[in-house]
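Here is how names work: the chains are called A, B, and so on, in the same order as the sequence lines, proteins then strands, and each is numbered from 1. Computation of the quantities below employed the complete heavy-atom set of this structure, encompassing side-chain atoms and omitting hydrogens, waters and symmetry-equivalent molecules.
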Amino acid sequence: MADEKELRYDPATIEPKWQQKWAADPTLYAAEPATSGKPKYYVLEMLPYPSGQLHMGHVRNYSIGDALARHMWMRGYNVLHPMGWDAFGLPAENAALKNNTPPREWTLANIAAMKRQMQRLGLGYDWATEVTTCLPDYYRWNQWFFLRMYEKGLVYRKKSKVNWCPECATVLANEQVIDGRCWRHEDTLVEQRDLEQWFFRITQYTQELLEGLDKLEGWPEKVRTMQRNWIGRSEGTEVDFTFENDLLGTSVAKPGNIVPDTTQTISKIRVFTTRVDTIYGATSVQLAPEHPLVVQLAAVDSALRKQVDGLLDEQKLAREAGNVGEIEKHGIPTGHFAINPYNGERLPIWVANYVLMDYGTGAIMSVPGHDERDYEFAKKYGIHIQRVISPAGGEGEDTDLPFISEDGVLVNSGEYNGMTCAEAQTKMQQVAASKGFGEAKVTYRLKDWGVSRQRYWGTPIPMINCPDDGLVAVPDDQLPVLLPPQIEITQQGGSPLGRVPEFLNTTCPKCGGPAKRETDTMDTFVDSSWYFYRYTDAKNTNAPFDSAKAQYWFPIDQYIGGVEHAILHLIYSRFWTKVMRDLGMIVNDEPARRLFTQGMVIKDGAKMSKSKGNVVSPDDMVARYGADATRMYALFAAPPDRDLEWQEDGVAGISRFLGRVWRLVTKYDALAREGRSRHSQVPSGLSLKLLRKLHQTIAKVTLDFEGRWHFNTCVAAIMELVNEIQAADAQLAAGEVPAPAMWELLSSLVLLLAPFAPFLAAELWDDIGGEGAILRAPWPKSDPGLAKEDEQEIPVQINGKLVSLVRVPTGADPKTIEAAALADEKVRARTAGKNVVKVIVVPGRTVNLVVK
RNA sequence: GCGGAAGUGGUGAAAUGGCAAACACACUAGCCUUAGGAGCUAGCGCCGAAAGGCUUGCGGGUUCAAGUCCCGCCUUCCGCACCA
């Protein structure tokens with residue numbers, strides 16, 4: 001330790017040294033085969049989009065995962081800790097436009113840069129299982145899955161109104177539209193366009209996706225709630241309203257069919273309601289502006305068409321202003337009437353802007369007496385308001401309308417009068433079914449997943465359009481359908497692949513004649529829906545992965561990522577897992593047993609973003625303070641599930657702490673090394689005091705890894721330990737703690753630090769003569785006997801107020817504690833001349849005297 | 001509007017219903033000197049000279065005891081938002 005350079009903690013020399021050593025040892029972070037005999041642990045962090053730069057959110061996410069992975073390695077688990085790249089997507093095309101760099105080159109260069117950053121941070125990934133979704137050895141399996149799903153009827157094509165982002169020049173899934181705007185371009189309004197689109201039939205799994213949430217106890221309630229709301233199950237009734245006179249022909253409107261078809265005639269309107277019990281209170285029928293009947297009426301009635309167009313324009317304006325939900329209710333009477341099948345009543349048919357075409361049937365019965373929206377509308381247009389539910393328990397005690405509650409009985413409802421709402425619903429559904437004008441119906445908000453994208457940088461959809469055979473699937477042995485490498489990216493709309501003749505023109509696999517390829521590519525959420533299975537068998541060229549390997553590793557034991565993926569990625573992933581299970585590839589129903597969503601990294605109270613100019617670069621932090629300090633700060637500054645305010649002074653503080661550890665351990669390294677192989681005696685005096693603190697710290701840190709994950713308090717506990725050892729420096733220097741105790745103290749300290757500051761821990765482990773890689777060293781075990789204090793201080797309260805502290809032996813019985821409390825001087829002074837009415841002793845905790 | 005989370009020193013925060021503010025940052029005073037983004041010592045919720053009193057967004061309640069549990073309200077953030 002005489003070397004002057006080594007007198008200071010210098011992460012800039014320690015860290016690159018270990019980085020090199022680790023890179024040279026491919027087995028260090030490698031998952032072992034199932035035959036290892038160890039229990040498995042699959043810890044996964046969400047894979048990043050390779051933008052070219054890690055941001056602090058990544059650093060935090062990966063620091064959490066890496067700490068956990070390292071801890072599990074030290075606990076003797078066979079750990080799978082992989083990393084990959086969500087490498088398809090629009091930014092690569094934008095970059096191509098801007099810099100004239102091909103998307104592939106741009107993406108791969110970014111990946112290389114970010115991988116360097118990750119390695120510099122010392123993140124322990126098994127790079128042998130790296131997955132890059134934009135490479136054919138990965139995306140061919142997207143195509144393979146597409147074909148399997150096509151065979152099972154889980155893929156279909158339909159022409160439909162789709163969300164179109166003019167900025168992306170492509171289609172968006174419903175999940176990617178936020179407040180009528182594109183999820184990537186918050187200033188860009190999403191338009192509706194009619195296109196032939198490929199869909200995944202995720203709705204086939206709706207109910208299972210919903211019910212499965214109850215079993216995902218290791219997932220945050222918040223995420224489960226968000227998914228439940230997204231799936232949006234609601235139980236109700238569909239009811240057919242006929243027309244007063246059969247002006248419109250005899251065929252039936254298909255619910256959900258929003259393509260105008262003027263050759264089709266309609267004789268009924270089907271509405272969906274959750275409150276069929278209020279149907280005697282229906283005083284109008286309201287149609288969405290896009291409803292097929294409206295389209296047809298408008299086709300022959302130019303005045304109506306003009307008004308409906310006005311409604312639609314109004315909605316568009318509201319979307320632009322970002323207040324779709326607050327738009328004033330507005331409607332147009334059509335002049336036609338519908339018949340309520342329950343009572344034959346004649347109801348005017350309106351077109352209303354508050355009725356949504358893509359939910360239910362696009363038509364509602366309006367019950368202003370018992371629905372706030374209908375009430376507001378009826379008030380505005382002077383439509384009759386009828387009470388049909390009377391609040392429970394109060395005859396004649398009618399509350400104000402609208403009365404929304406279902407806690408009531410029917411009135412003004414013919415034969416149903418007197419029934420409760422629930423009774424009436426059941427009865428009315430039975431009647432509708434038996435008379436054939438309706439049925440019980442469960443409606444979901446979740447829609448099928450539109451996956452077609454009119455982009456270049458994505459997985460080509462493996463379908464061929466033949467003039468003779470129609471749509472033909474690309475045979476498996478012709479996969480992958482490769483993306484053409486050279487392509488000119490332009491801002492023109494439509495699929496770029498359609499402008500590449502070598503790609504577009506092919507032969508039909510069935511007849512061998514000339515045919516055209518599908519030119520759309522897949523939504524990138526396809527890539528991230530199953531990537532974590534590929535990690536278990538990343539080099540497989542015969543299948544997406546080997547089932548036995550997936551079965552060994554799945555489900556993921558701990559998945560860690562941002563809550564912003566609560567719906568999109570995490571619902572699609574669950575869907576994909578169920579599909580693969582039904583294809584017989586895996587046996588698990590859900591991808592991940594536990595999910596952890598970490599908080600955001602903020603700076604000056606706001607989320608870090610380029611536009612706010614408050615971005616802190618991880619590279620800067622690492623250059624100034626080292627990777628260990630940067631990572632440890634990310635864990636120390638707040639519990640992982642909470643938002644974290646980045647304060648550079650805090651990183652400097654951690655760096656100083658690591659410096660103290662470094663000095664402490666290097667100062668006594670020779671002593672510790674000497675004690676490594678010697679037997680320790682029963683500790684006493686200072687040794688006992690420090691070892692006691694050590695074992696308390698081990699217990700605390702271990703417990704947090706097992707449950708609570710409050711790594712901030714783990715780090716604080718380690719700091720306390722270091723402070724206490726350091727405070728005894730003079731005595732240590734005088735040799736008061738013998739070598740074996742010193743070994744236990746310092747080696748355990750270094751081991752505790754290993755998940756949080758892996759570079760420093762590795763360096764010090766070496767320094768004190770630790771054997772082998774610290775990652776394989778056993779996690780220290782707390783000895784409860786040693787951790788226990790001999791004596792403890794018990795607070796004494798009088799009438800709930802703290803008065804004094806008394807020392808008693810740990811584990812003292814209530815009598816002893818009570819006696820000690822009553823003997824205390826301050827207590828006696830306060831109780832003198834008064835009555836001690838009651839004494840509450842909580843052993844080991846407190847004494848409270850109730851005094852009068 | 002609905003659902004969820006959170007409100008504790010100057011700051012980040014800590015506290016199985018049992019001593020509020022651990023651990024850090026910042027700050028103040030002092031020491032040290034190889035002058036460093038270093039190290040060490042002490043102080044640091046508020047009022048008060050002290051004794052002592054007060055203190056966890058606000059108001060109630062339960063309890064021997066409440067930051068923690070219950071009720072009502074306020075504020076902030078997040079999600080959903082005309083879903084019939």
Side-chain angles (χ1 to χ4, degrees), chain A residues 4 7-9 178-179 220-223 225-226 228-230 232-234 236-237 271-276 278 286 288 315 318 323-329 352-356 358-367 370-374 376-377 443-445 563-564 566-567 599-600 602 605 607 624-625 633 636-639 641-657 659-660 663 710 712-720 722-723 726 729 793-805 837-842 844-851:
Chain A
E4 195 176 320
L7 286 173
R8 263 179 63 201
Y9 166 57
I178 296 147
D179 285 335
E221 193 52 55
K222 179 189 170 82
V223 172
T225 304
M226 281 167 76
R228 262 185 216 110
N229 292 342
W230 191 261
R233 179 190 160 97
S234 92
T237 315
V271 305
F272 173 73
T273 177
T274 54
R275 294 295 306 276
V276 69
T278 66
Q286 305 285 346
Q315 281 179 337
N323 59 352
V324 196
E326 292 133 44
I327 186 173
E328 199 192 330
K329 300 203 180 355
N353 64 349
Y354 71 98
V355 181
L356 307 174
D358 58 7
Y359 184 77
T361 61
I364 61 163
M365 62 177 203
S366 178
V367 185
H370 303 281
D371 181 282
E372 268 180 71
R373 294 152 302 182
D374 295 342
E376 192 186 327
F377 189 88
T443 293
Y444 297 93
R445 210 182 81 117
V563 75
E564 65 272 20
I567 295 180
M600 281 188 305
I602 58 180
K607 185 178 175 175
R624 285 183 207 191
Y625 306 103
Y633 176 74
F636 175 68
D641 53 338
R642 250 206 261 178
D643 284 353
L644 180 154
E645 168 79 26
W646 195 271
Q647 296 185 96
E648 192 171 329
D649 285 334
V651 189
I654 296 289
S655 168
R656 288 198 294 268
F657 166 71
R660 282 201 294 281
R663 282 193 302 280
H710 279 198
N712 55 328
T713 59
C714 288
V715 174
I718 297 171
M719 286 173 168
E720 281 187 58
V722 171
N723 290 347
Q726 210 180 20
D729 188 52
E793 274 194 324
I794 303 281
V796 184
Q797 301 168 47
I798 293 181
N799 295 335
K801 289 188 74 163
L802 179 71
V803 166
S804 187
L805 295 167
V837 180
K838 195 175 173 187
V839 181
I840 294 116
V841 180
V842 184
R845 282 289 178 196
T846 191
V847 184
N848 193 6
L849 310 175
V850 184
V851 169

Under 4.0 Å from OP1 or OP2 of [N]: is there any side-chain N or O of [X] that close?
X: A:Y359; N: B:rA84; value: yes
X: A:N848; N: B:rU63; value: no
X: A:K801; N: B:rG18; value: no
X: A:R445; N: B:rA81; value: yes

State which of B:rC19, B:rA84, B:rC23 makes the closest approach to the side chain of A:D371.
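Looking only at heavy atoms from C-beta outward on A:D371, the closest nucleotide is B:rA84.
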
Kindly give the atom pairs (protein nitrogen or oxygen, nucleotide nitrogen or oxygen) under 3.5 Å for nucleotides 11-14 of chain B.
| from | atom 1 | to | atom 2 | distance (Å) |
| --- | --- | --- | --- | --- |
| B:rU11 | O2' | A:Q647 | OE1 | 3.3 |
| B:rG12 | O4' | A:Q647 | NE2 | 3.2 |
| B:rG12 | O2' | A:A637 | O | 2.6 |
| B:rA13 | O3' | A:N712 | ND2 | 3.4 |
| B:rA14 | OP1 | A:N712 | ND2 | 2.8 |
| B:rA14 | OP2 | A:R642 | NH2 | 2.7 |

A:F377: which residues meet the ring pair (Phe, Tyr, Trp, His ring centres under 6.0 Å) condition with it, sequence neighbours left out?
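Counting only residues at least two positions away or on another chain, A:F377 forms a ring pair (Phe, Tyr, Trp, His ring centres under 6.0 Å) with A:W350, A:Y354, A:Y381.
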
The criterion is side-chain hydrogen bond (donor to acceptor under 3.5 Å, both in side chains); which residues satisfy it with A:T237, sequence neighbours excluded?
A:Q429

Pairwise N/O distances under 3.5 Å, protein to nucleotides 38-42 of chain B:
| from | atom 1 | to | atom 2 | distance (Å) |
| --- | --- | --- | --- | --- |
| B:rC40 | OP1 | A:Q726 | NE2 | 3.3 |

Considering residues at least two apart in sequence or located in another chain, which fulfil the side-chain contact (heavy atoms from CB on, under 4.5 Å) criterion with A:K607?
A:M600

For the pair made of NZ in A:K222 and C1' in B:rC78, what is the distance, rounded to whole Å?
4 Å

Anything below 3.5 Å on both distances counts as a pair; with that, list the stems of at least three consecutive Watson-Crick or G-U pairs involving RNA chain B.
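For RNA chain B the paired stretches long enough to count as stems (3 pairs minimum) are B:1-7 with B:74-80, B:10-12 with B:23-25, B:27-31 with B:39-43, B:45-47 with B:52-54, B:57-61 with B:69-73.
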
